[in-house]
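Beneath this line is the structure, given in structure tokens, with notes to follow.
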Amino acid sequence: MSGDHADALISRRVRRLETLLEERGVLSGGDLDEVIDAFLSSASPANGARVVARAWTDPAYRSRLLADGTAAVRELGLMEGGFQRLRVVENTETTHNVIVCTLCSCYPLRLLGPSPSWYKSEAYRSRVVREPRAVLAEFGLSLPDRTEITVWDSSAETRYMVLPRRPAGTDSLPEAELAGLVTRNALIGTAEV
């Protein structure tokens, strides 16, 4: 099934569900808009940065995050009611991770905020899989040749977030300041931090 066809099918199903909810008086179109607006208002890369800062400062939390991202993120009050599985992949000295959704733009919205336009672009979605090193270089991220790059393909069932490496010289910074260092691009893997 082509990506466009799958998107059209999903759009029709969503619209039908909205119509049924409205016809049965469960909620109005305005109610639905309010729910969506409320969800989006809590969607921010600051949430993902908070998760990363906690993992950098709490080794037990880091272990839980890497073992079961969904449960660990819920510990911080994030992803409540979310139905996707979250998998967190860790950058190391020898491995760098980057996420993509080759079919559409699946992405952990609540943790990373609305996806950037480049993430949704066909150019990014197709090229990062074939030539990740070149794409990362276009973002200004040049990695040593010895660094293995792993590309993770998100789906409707599983979303990914990158746990970037903690910058050197930040051992004395408190969690809130560490969170301020983390960018959305680092959570996607197109930047170091």
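In this text, all values refer to a predicted model and were calculated from it rather than measured experimentally.
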Residue list, salt bridge (charged side-chain N to carboxylate O under 4.0 Å, His left out) with Arg133, at least two apart or on another chain
none

State the OG-CG distance between Ser44 and Leu109, to the nearest 0.5 angstrom.
10.0 Å

Note: Ser154 and Tyr119 closest approach over all heavy atoms is OG-OH, 4.1 Å

Determine whether more than 12 heavy atoms belonging to other residues, nucleotides or ligands lie under 6.0 Å from atom CD of Glu122.
no

Residues at least two apart in sequence or cross-chain that pass side-chain hydrogen bond (donor to acceptor under 3.5 Å, both in side chains) with Ser105, listed by chain then number, are none

Partners of Ala134 by side-chain contact (heavy atoms from CB on, under 4.5 Å), sequence neighbours excluded?
Arg127, Glu131

Arg24: partners by side-chain contact (heavy atoms from CB on, under 4.5 Å), with sequence neighbours left out
Leu20, Val26

Which pairs count as salt bridge (charged side-chain N to carboxylate O under 4.0 Å, His left out) when at least one residue sits in residues 43-62, sequence neighbours excluded?
Arg54-Glu175, Arg62-Glu90

Indicate every side-chain donor-acceptor pair of residues 176-187 with a distance under 3.5 Å to a residue at least two apart or in another chain.
{"from": "Thr183", "atom 1": "OG1", "to": "Ala186", "atom 2": "N", "distance (Å)": "3.1"}
{"from": "Thr183", "atom 1": "OG1", "to": "Val193", "atom 2": "O", "distance (Å)": "2.9"}
{"from": "Arg184", "atom 1": "NH1", "to": "Pro114", "atom 2": "O", "distance (Å)": "3.0"}

Taking side-chain hydrogen bond (donor to acceptor under 3.5 Å, both in side chains) as the test, write out the residues that go with Arg87, two or more places apart.
none

By the definition side chain to side chain contact (heavy atoms under 4.5 Å, CB included), identify the one residue from Val89, Thr150, Leu141, Leu136 that meets it with Val98.
Leu136

Apply the test side-chain contact (heavy atoms from CB on, under 4.5 Å) to residues Val52 and Met161: give CA-CA distance (whole Å), side-chain angles for both, the deciding distance (0.1 Å), then the verdict.
CA-CA 10 Å; Val52 168; Met161 184 180 89; 4.2 Å; yes

Spatial distance of atom SG (Cys106) from atom CD (Glu157) [nearest 0.5 Å]:
8.0 Å

For Trp118 and Thr190, the nearest pair of non-hydrogen atoms, with its separation, is CH2-OG1, 3.7 Å

Side-chain donor or acceptor of Asn97 paired with backbone N/O of Val162 under 3.5 Å:
no

If you look at every heavy atom in Gly113 and Tyr107, which pair is closest and at what distance?
O-CE2, 2.7 Å

Looking at Thr70 and Leu86, would you say the former's side chain and the latter's main chain have a donor-acceptor pair under 3.5 Å?
yes

Are any of the side-chain heavy atoms of Ile188 and Pro116 separated by less than 4.5 Å?
yes

What residues form a side-chain hydrogen bond (donor to acceptor under 3.5 Å, both in side chains) with Thr170, not counting sequence neighbours?
Arg166

Using the test side-chain hydrogen bond (donor to acceptor under 3.5 Å, both in side chains), find all partners of Arg165 that sit at least two apart in sequence or belong to another chain.
none

Any idea which heavy atoms bring Lys120 and Arg125 closest together, and the distance?
O-NH1, 2.8 Å

Within residues 147-193 or reaching into it, pairs that qualify as ring-ring contact (aromatic ring centres under 6.0 Å, His included) - sequence neighbours excluded
Trp152-Tyr160

So, taking the atom named CD in Glu148 and the one named OG1 in Thr92, what distance separates them when rounded to the nearest 0.5 Å?
8.5 Å

Counterpart residues, side-chain contact (heavy atoms from CB on, under 4.5 Å), relative to Pro59 (two or more places apart):
none

Does CD belonging to Glu22 count more than 12 external heavy atoms closer than 6.0 Å?
yes

For a 4.5 angstrom cut-off between non-hydrogen side-chain atoms, does Val100 reach Val151?
yes

Looking only at heavy atoms, what is the nearest atom pair of Trp56 and Pro164, with distance?
NE1-O, 2.9 Å

Applying side-chain contact (heavy atoms from CB on, under 4.5 Å) to Ala72 and not counting sequence neighbours gives Tyr61, Arg64, Leu65, Glu75

